Every structure is written in C-alpha cells, then in structure tokens.
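Report on the structure given below.
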Amino acid sequence: MAKVKYYYDSKTLSYKKVEKTLRKRIFKAILFLFAGALFMILGFFIIGIFLDSPRQKYLQRELEFVKLNEQLHNKKIKQLETILKEIEERDNNIYRLFFEVNPITEEQRKSGLGGVNRYKNLQGYDNSEIVLDVTKNIDLLSKRLYIQSKSLDEILKLAENKEKLLAAIPAIQPVKKEDMTRMASGYGRRKDPFNKAWKMHWGMDFTAPKGTPVYASGDGIVARADNKSSGYGNHIRVNHGFGYISLYAHLSKYNVRKGQRVKRGDLIGFVGSTGRSTGPHLHYEIHKNGKKIDPINFYYGNLSPEEFAVLQKAAEQKGQSLD
Ligand SMILES: [Zn+2]
C-alpha cells in the first residue's frame, strides 16, 4: 500500500492530501530505474578493475599459451635456419664448386620477399609483432628451402652428366700393357717411316703382335669400322659424345660393326698392319671437337703414375713413327 502524504495549507489552515499526478509517478519510476542501473554498472565496473571474470581469466590463459608457443616456434625456426645454412654452405662450397657452377649468392637465396606488404592482415593487433615474426621467418625458410631443392636438382643432373662423361671419355690404353711390345711413337713431329721427312704424327703407336686384342677406351657408339679412310687401313672410330672420338687404325680384324654400342674395355678389334703401316701396331688417335689431340693425357684409367712416366718418356722420343 502506497503511503498517503499530506501537506499543510496555510490558507485553509488545514492538512491536505498530496495528490500525485500520473506523469509525476512515471517520471519518478524511470528516475529510480536509471539510478539503479547506474549503480549496478558502476558496481560491475569497480569489481571488474580488481577482479577478472572467469572469461577474462580463460582468455588470458589462452593468450599466454599462444605467446609461449610462438616463442618456441621461433626458437625452432632459428634452429632449422642454422641447419639450412650449413646445407647452403655445403651446396655452394662443395657441390656447386665440384660441378663448376656458380654458387648461389646470399641475396639470391633470400630474395623475393620484399615489395607489397604481404603481412597487412597481420598488423594492427596487440600481438602483431610476435605473429609477424614467426610468419616472416617461416616464409623466408620456405623460400630458402625451395631454392636449395632447386639447386640440388641441378646438381643431380650435373652429376648424372658427369658420370656419363666419365664413362664416355677415352681413358684407358687401347692395348693391354702386357700385350704391348713397346710404345713406338707418340704424338708430335716424327719422321715419316716411308719417306723419312719430318711431319706431324697425330696419334700414338703401340707395337704388338698381329692379332693382339684392341679395346674401346671409353663408352660410345661405333661410328665407323671400315678401310675407306686413306692410310688408316682397317680402322674403327668410336664416338663417345661430349665431342670425343677415338680412332683405332691398321687393324687386322674387327670385332664390332658400325652403329654398335660399346663399353670401355670392350674388345673391338685386333692389331694388324693394314693401310700405311710398316709393321703390326695400333695407331691410336683421340679427337676432341674435330681436333686431333695428344692421347698421352688420357690414360689415367689403367696406368699407375710410374707406368705413366715410362709411357710419357717413350712417347717423347723423337724417332720415326710406324704410321
Ligand atoms: Zn701412328
């Protein structure tokens, strides 16, 4: 029950009832409600300053967890960077050096991350710094790994090629040293055995009895096995690729045909004295890109340094060739 209020009317000298209008009542009620709400908000606010709500506590914990993990991730990224750096150095200083390709510079390995701001959406937060750091480091690491893997692909290709080149290059003596009577003449100016005039001898002569096996000095394809080249008699040319051709002349017999694929050490023919020759011997030439070069530098395949020295000395003797 609402209290009834009175007031003293000095004109009538009596108490009169205070009549409240509806408007006044509503106004009062609203005022009351407002004040209540204001106090409540103020109360929550004050409590909030000194006490975290359960949700705040939860978010705080989440944030700390994320921050800690970001730091751990950054540390792991740094470790990976160290490992990658070692691989990059090995790549530049060993692999690429060995295969004679230019090292990849530091700028090339780390390039391509500038330009437009690719981290725009990560900015503007309180913890942008940490997230940016990790993201940038991961991006850089990915980029470097990509370049490194490309480099290794290149090295692999070069290695395969080098292996083929090493197998192809004419690198052994075409007549076994135990079968050889002697090395008769080397590459250089020698006396022509027929007219005794000094002229260039474009190969090496190995004297050996007729029928002595002749071996391919490297992998390749038999380009010719015929006697249609003046002076060489029955001769074989093996194309090794990479610009190399080896030539075996004055043979008595062939053991291969044109177009046949041969491996280093395969028996391809037999020593003879066909063509322009003064006695059974193998005349051996190496051509590189169409030029006849000195075969003496190509026997590392099956000669010891001592044997090579003996061979070299014999090859230098300025006698006459057997042609
Ligand atoms: Zn010769």
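All ligand and atom numbering here is 1-based and tracks the order in the structure. Given the structure is predicted, the values throughout are model-derived calculations rather than measurements.
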* Considering only NZ, NE, NH1 and NH2 on the basic side and carboxylate oxygens on the acidic side, decide whether E106 and K85 come within less than 4.0 Å. => yes
* Is there an N/O/S atom in H281 that lies less than 2.8 Å from the Zn ion (ligand 1)? -> no
* **Closest approach to the Zn ion (ligand 1) by H283, given as the N, O or S atom name** => ND1
* Asked: Got E81 and L141 here, is their nearest side-chain heavy-atom distance under 4.5 Å?
  -> yes
* Assess H201: does it contribute an N, O or S atom lying under 2.8 Å from the Zn ion (ligand 1)? => yes
* Below 4.0 angstrom, N of the basic side chain to O of the carboxylate: do R190 and D205 qualify? -> no
* Asked: Looking at F298, does the NZ or CZ of K288 lie under 6.0 angstrom from its six-membered ring centre and within 45 degrees of the ring axis?
  -> no
* **Atom name of the N, O or S atom in D205 that lies nearest to the Zn ion (ligand 1)** => OD1
